[in-house]
Amino acid sequence: MDDLDTRFADCLHFATHRRRPGEPFEPAIVNTTIYALPGEPQGQYQYARWANPTWTALEDVLGLLEDAETLIFPSGMAAAAAVLYSQLGPGDQVLLPSDGYYTVRTAADKFLAPIGVRVRTCPTAAVEREALDGVKLVWVETPSNPGLDLADLRAVAQRARAAGALLVVDNTTMTPIGQRPLDLGADAVVSSDTKAVNGHSDALFGHVASRNAALMAGVRDWRRICGAIPGAFETWLVQRGLDTLEVRFARMCDNAQHLAERLAQHPKVRAVRYPGLASHPAHALARSQMRRFGALIGLTLASADAAERFIDGCQYVRPATSFGGVHSSAERRARWGEAVDPGYVRFSVGCEPAGTLWRDVERALAAVPG
Ligand SMILES: *Cc1c(COP(=O)(O)O)cnc(C)c1O
């Protein structure tokens, strides 16, 4: 962990280590579509759909954090699409999680299947046993969303390699602070930085990171040609958010552990899902592949009504979809038609002081039917 701590400190000081006297400490927001370009085109800055200095500043830091080449996108889905659409073509087979982020499956069904990509799905907890013959790309999200099941990344990476398939991990819920799929053998990581990486619920964003140069060349071409590019201002917001990622994520995960342990003892709570609890079916795996256990808790209350009353009754946990922000939020996932218990609440734990948060949750639970 010491090596990673040094890496996190180097990320924080990436820009400061490179500044000459009199230069601004912080990266500039560069709004331009064109660059001075006399004679034969040269250098990386020729046209702003291809490159922008504000992107470069963030990609350098995210790349150091991921320990891999990194490309940024205007949303998590734009990052996911760049990987899927640049790597898959007619006749290929892709294996997606049946219990992962829903829109990734929709994107594959709507735009990949019609061009002849065979789209298969399997549950996250079963992917390490799934037959991979003929599969070109395996997509894993661990913990899964919203069920918080785990996949064994080392085992899946080994099997994917043996089958000649690429393993892509959507690491949104964990961030590179909490889990490092590339170090466990994944070929690429996709992240929705809309969530904890930016962390302030004010910008949609995403990135792809990989040590596979051919894969990244495809992803870069996709962005440059199809134009799924982030704005300079959003890029700067994420750069600013990233400076506090390590401290925010530590606080969020500490809070989540604190709450999960107490929720598990509470008489109004039927079940708690959190990888950091010994009761999680894959807790041993969580200990071996996750640096932190994350900021998402799944809790099941008696009914949809109990869940809604719990969420309404909290003062510091606000009703919203999404997760990973500094403010705690929660929602009943069945409201999106997901195959979960009607009383299942996905609780995104934020940065509020732990004691205050628990007192709030306890008070709201007291008013809920059991
Ligand atoms: C939110 C999310 C996405 C999509 O990200 P956007 O930034 O909303 O496009 C992808 N994967 C996971 C796991 C997510 O939570």
Side-chain angles (χ1 to χ4, degrees), residues 58 62 70-85 94 96-112 121 123-124 127 137-151 153 167-179 181 186 188-209 219 222-223 226-231 233-235 237-238 241-242 245 249 252 256 273 275 290 294-298 320-325 327 329-331 333 336 338 340 346-350:
L58 178 58
L62 270 175
T70 298
L71 291 165
I72 56 174
F73 287 87
S75 68
M77 278 312 301
V83 171
L84 291 170
Y85 303 150
V94 61
L96 301 177
S98 55
D99 50 353
Y101 191 73
Y102 171 78
T103 315
V104 171
R105 283 195 304 286
T106 310
D109 288 342
K110 227 175 153 65
F111 298 111
L112 290 176
T121 62
T124 297
V127 64
L137 193 154
V138 181
W139 189 278
V140 170
E141 195 186 318
T142 176
S144 66
N145 188 359
L148 305 180
D149 283 326
L150 303 191
L153 289 177
L167 172 61
V168 179
V169 177
D170 181 334
N171 202 38
T172 300
T173 57
M174 293 312 299
T175 85
I177 306 288
Q179 177 169 270
V189 157
V190 167
S191 171
S192 168
D193 301 335
T194 308
K195 316 294 166 52
V197 169
N198 180 49
H200 292 74
S201 313
D202 53 11
L204 282 140
F205 215 78
H207 76 263
V208 178
V219 171
W222 174 270
R223 182 176 73 176
C226 298
I229 56 162
F233 180 61
E234 286 73 17
T235 305
L237 280 175
V238 174
L242 188 60
L245 172 62
F249 202 67
M252 288 156 67
R273 229 345 139 81
M290 300 163 83
L296 284 177
I297 300 175
T321 193
S322 197
F323 59 86
H327 322 88
S329 66
E331 68 170 334
R333 286 304 287 189
W336 300 108
E338 280 174 354
V340 292
R346 186 180 70 183
F347 186 166
S348 169
V349 182

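The model shown is predicted, which means the values in this text are computed figures rather than measured ones. Just follow the structure's listing: the first ligand is 1, and inside any ligand the first atom is 1.
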Check each atom of ligand 1 against the heavy atoms of [X] and keep those under 4.0 Å away; list them by number with element.
X: Phe205; result: 7 (O)
X: Leu204; result: 7 (O), 8 (O)
X: Thr172; result: 11 (N), 12 (C), 13 (C), 14 (C), 15 (O)
X: Glu141; result: 13 (C)
X: Met77; result: 4 (C), 5 (O), 6 (P), 9 (O)
X: Gly76; result: 5 (O), 6 (P), 7 (O), 9 (O)
X: Phe323; result: 15 (O)

For [atom], what is the closest protein heavy atom, and at what distance to 0.1 Å?
atom: atom 5 (O) of ligand 1; value: Ser192 OG, 2.9 Å
atom: atom 14 (C) of ligand 1; value: Lys195 NZ, 2.9 Å
atom: atom 4 (C) of ligand 1; value: Tyr101 CE2, 3.4 Å

Query - Proximity to ligand 1 by part of Thr173, non-hydrogen separation under 4.0 Å - result: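 Neither part.
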
Check: [Y] main-chain N/O paired with [X] side-chain donor or acceptor under 3.5 Å:
X: Thr142; Y: Ala151; result: yes
X: Glu141; Y: Tyr101; result: yes
X: Arg223; Y: Ile72; result: yes
X: Ser192; Y: Thr172; result: no

Report task. Please assess Tyr85 against Trp222 for the test ring pair (Phe, Tyr, Trp, His ring centres under 6.0 Å), listing each intermediate value before the final yes or no. Result -> CA-CA 8 Å; Tyr85 303 150; Trp222 174 270; 5.4 Å; yes

Query raised in the report: Atom CG of Asp202 and atom CG of Leu237: how far apart are they, to the nearest 0.5 Å?
Result: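 If we round to the nearest 0.5 Å, Asp202:CG and Leu237:CG are 5.0 Å apart.
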
Report task. State, without any angle test, whether Asp99 and Thr124 hold a side-chain donor-acceptor pair at a distance under 3.5 Å. Result ->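 There is such a pair between these side chains.
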
Query - Enclosure of His327 NE2 (heavy-atom neighbours >12, cutoff 6.0 Å) - result: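 12 or below, so no.
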
Query raised in the report: Among Val104, Thr194, Asp170, Asn171, which one has a heavy atom closest to atom 7 (O) of ligand 1?
Result: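 Ranked by closest heavy atom to atom 7 (O) of ligand 1, first place is Thr194.
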
